Student: 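Below: one structure in structure tokens.
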Amino acid sequence: MIFEPELEAMPLEQLAALQLERVRSLVARVKERVPLYRERLEGVEPGDLGSLDDLARLPFTRKDDLRDTYPLGMLAVPREQLARIHASSGTTGKPTIVAYTAGDLDLFARVNARALAMGGAEPGMTLHNAYGYGLFTGGLGIHDGGERLGLNVVPVSGGMTERQLTLIQDLRPDVITCTPSYALTLAHALTERGTEPGEISLRYAVLGAEPWTERMREEIDASLGVTCTNIFGLSEVIGPGVSCECVEERDGSHVNEDHFLPEIVDRETGEPVAEGDEGVLVFTTLTKEALPLVRYWTGDICSLSREPCSCGRTLARMGPIVGRSDDMLIVRGVNVYPSQVGGVLGRVPELSPHFGLVVRRLGTLDEVEVLVEPKADVLAALTDERVEEIAVRAASLLRDTIGCTMAVTLVGPGEAPRSDGGKIQRVRDLR
Ligand code: AMP
Ligand code: ZN
């Protein structure tokens, strides 16, 4: 079913006109209210934007802009009008804070109601929501969307797999939402219990927050007995519900582009790419009140298609995220930048600046091993106990600062990656 058919299946000319009108009022609004934009958009008048193509003349907004104005320097409303705060799962010590007015929360609920309906959910169904509740946008975002659609939402949150299975068996939900890697964990645990996919009630799974593959999709479909769809989003734009696949095609995620205007640009030049080509995904938030963003550089790489879809929606479809323009990794739902890892290791006096990361998939979960060389003068006097002590201290510092558990291994001179003249390859991703 289509939750908001008059908007999701709007004729394309009408959609473009709506977007242009919204872009113009956005530019006026941010110039008036956000110091960063007042400066950056100097000389740009809303009336100068004759068509959506003119958007490409405006500068990008980047994650660093949010970091530089931490925590709430890019707000476009007075603080008293905020109704909620969330944060991006990646941290550099300080998370990226995002804020919502009551109007933004209404929008957040609506786009997630759309996404759940795209994934097969219908009013009256029960939703087992295993996205984490808290600062992360996934739990509460999907929760509100489920309620808005008319689902009975079970706010399970992440973790405690045995309890999840019991709730799935006893409450007989129709739909599950979580990360794809956690869906696989649940599926394996079910198999261990000796439960057949046909014995559980689940029919649909709406999965996202991290990259996944068609192979994982097949495995989840078969092992949970569901039809699973991909949901995409990022905190800076709103959280989950920026786009979602329709259950009819499961071939690209319909972007809720009456609210989030997508562009694909070349990762080096920032120029728009030809339709269908891959590049960096950029979003302009058309209706968000508290934290409106003009041309936000997501760093995610994908393509965009305007091929008509059999579900009837006219919303453009984005392909799967095939990479990042930066070196961000997503490990068990946490965004990890190698540079952050380097920063934390730098606080351990015995360690040299030479380090690398190895990412593996053990079973269904991602594991990160940090390889780091001790300083040369420390090396001479290292005993086994001392090696162990340094590694444990570094690992706990990483966990406390970045929020992701990683194993630390001390390696010999020259064993951590070095630059061969070009960009250093710090990450070996074996997933
Ligand atoms: P956060 O703001 O912490 O929720 O992280 C947002 C990032 O998670 C995005 O920029 C993507 O890199 C990633 N992400 C979210 N959903 C998906 C998805 N369905 N497929 C691939 N990557 C995703
Ligand atoms: Zn569709």
Side-chain angles (χ1 to χ4, degrees), residues 1-3 5 8-9 62-63 66 86-92 95-98 108 112 114-115 117-120 131-132 134-142 177-183 205-214 216-217 228-256 260 262 280-283 291 293 296-302 305-337 366 402-404 431:
M1 85 171 246
I2 303 187
F3 181 67
E8 295 174 67
R62 293 174 188 268
K63 183 126 184 151
L66 290 164
H86 277 292
S88 164
S89 57
T91 66
T92 40
T96 301
I97 302 290
V98 293
F108 198 16
N112 278 287
R114 286 186 188 183
M118 281 192 218
Y131 274 115
L135 276 178
F136 173 52
T137 51
L140 285 167
I142 295 277
T177 44
C178 59
T179 60
S181 54
Y182 196 60
V206 180
L207 311 174
E210 63 187 14
W212 51 312
T213 60
E214 286 303 315
M216 284 171 79
R217 189 203 296 271
C228 59
T229 49
N230 184 23
I231 182 169
F232 167 88
L234 62 159
S235 332
E236 294 88 339
V237 171
I238 199 155
V242 172
S243 72
C244 188
E245 284 177 337
C246 60
V247 71
E248 290 87 346
E249 292 290 336
R250 300 204 285 171
D251 184 16
S253 302
H254 289 287
V255 181
N256 285 312
F260 317 117
V280 178
L281 181 61
V282 169
F283 279 110
L291 191 65
L293 295 175
Y296 185 73
W297 181 279
T298 66
D300 292 316
I301 295 182
C302 69
S305 155
R306 286 233 162 258
E307 288 285 304
C309 187
S310 68
C311 72
R313 289 177 184 85
T314 49
L315 302 172
R317 279 180 284 169
M318 51 181 265
I321 304 299
V322 295
R324 296 271 315 167
S325 65
D326 56 22
D327 52 5
M328 184 183 92
L329 291 166
I330 302 188
V331 181
R332 297 189 298 270
V334 180
N335 303 351
V336 177
Y337 290 89
D366 298 332
I402 300 177
C404 178
R431 292 178 287 185

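Just so we're clear, the structure is a prediction, and the values are computed from it rather than from any experiment. Ligands are counted one by one from 1 in listed order, and the atoms in each one are counted from 1 as well.
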Student: Does any non-hydrogen side-chain atom of L66 lie less than 4.5 Å from one of L291?
Tutor: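 Answer yes - side chains close enough.
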Student: Please state which part of E210 comes within less than 4.0 Å of ligand 1, counting heavy atoms only: side chain, backbone, both or neither.
Tutor: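 For E210, the contact with ligand 1 is made by the backbone alone.
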Student: State, with a plain yes or no, whether a side-chain heavy atom of S243 is found less than 4.5 Å away from one of H254.
Tutor: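 Answer no - side chains too far apart.
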Student: Compare G233, S88, A87 and give the one whose heavy atom is closest to atom 6 (C) of ligand 1.
Tutor: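 It is G233 whose heavy atom sits nearest to atom 6 (C) of ligand 1.
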Student: Of all the atoms in ligand 1, which lie at a distance below 4.0 Å from a heavy atom belonging to G208?
Tutor: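 Counting atoms of ligand 1 from 1, those under 4.0 Å from G208 are 19 (N).
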Student: Heavy-atom contacts with R324 under 4.0 Å: which atoms of ligand 1 show up? List them by number with element.
Tutor: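 Those qualifying, in numeric order: 10 (O), 12 (O).
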Student: If you measure from each non-hydrogen atom of I231 to ligand 1, which part falls under 4.0 Å: side chain, backbone, both or neither?
Tutor: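 Near ligand 1, I231 shows its backbone, while the atoms from C-beta on stay back.
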Student: With atoms numbered from 1 as shown, which atoms in ligand 1 lie under 4.0 angstrom from a non-hydrogen atom of I330?
Tutor: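 Answer, ordered by atom number: 8 (O), 12 (O), 13 (C).
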Student: Side-chain donor-acceptor pair under 3.5 Å between T96 and E236, yes or no?
Tutor: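 The answer is no; no qualifying pair exists.
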Student: As an exercise, identify every atom of ligand 1 less than 4.0 angstrom from a heavy atom of N230.
Tutor: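 Near N230, meaning under 4.0 Å from one of its heavy atoms, ligand 1 has 18 (C), 19 (N).
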Student: Testing the 3.5 Å rule here: is there a donor-acceptor pair between the side chains of S310 and E249?
Tutor: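 Yes, because at least one side-chain N or O of S310 sits under 3.5 Å from a partner of the opposite role on E249.
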Student: Side chain or backbone, does T298 bring an N or O within less than 3.5 Å of an N or O on ligand 1?
Tutor: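 No, no N or O pair falls under 3.5 Å.
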Student: Taking everything shown except E307 itself, do over 12 heavy atoms lie less than 6.0 Å from its CD?
Tutor: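 No.
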Student: I need the minimum non-hydrogen distance between V280 and G299, along with the two atoms involved.
Tutor: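 So the two residues come closest at CG1-N, 3.7 Å.
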Student: Would you mind telling me if ligand 1 is within reach of the side chain of S235, the backbone, both or neither, using heavy atoms under 4.0 Å?
Tutor: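 Both the backbone and the side chain of S235 come within reach of ligand 1.
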Student: Going by the order shown, which atoms of ligand 1 are within less than 4.0 Å of some heavy atom of M328?
Tutor: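 Once the distances to M328 are compared, the set is 12 (O).
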Student: Minimum heavy-atom separation for C246 and R313, please, with both atom names.
Tutor: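 The pair with the smallest heavy-atom distance is CB-NH1, 3.7 Å.
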Student: What are the two closest heavy atoms between V206 and C244, and how far apart are they?
Tutor: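 Scanning both residues, the minimum pair turns out to be CG1-SG, 4.2 Å.
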Student: Would you give the angle at the Zn ion (ligand 2) between C311 atom SG and C309 atom SG, to the nearest 10°?
Tutor: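 Approximately 110° at the metal, rounded to tens of degrees.
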Student: So which bit of L234 gets within less than 4.0 Å of ligand 1, heavy atoms only: side chain, backbone, both or neither?
Tutor: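 The answer is both.
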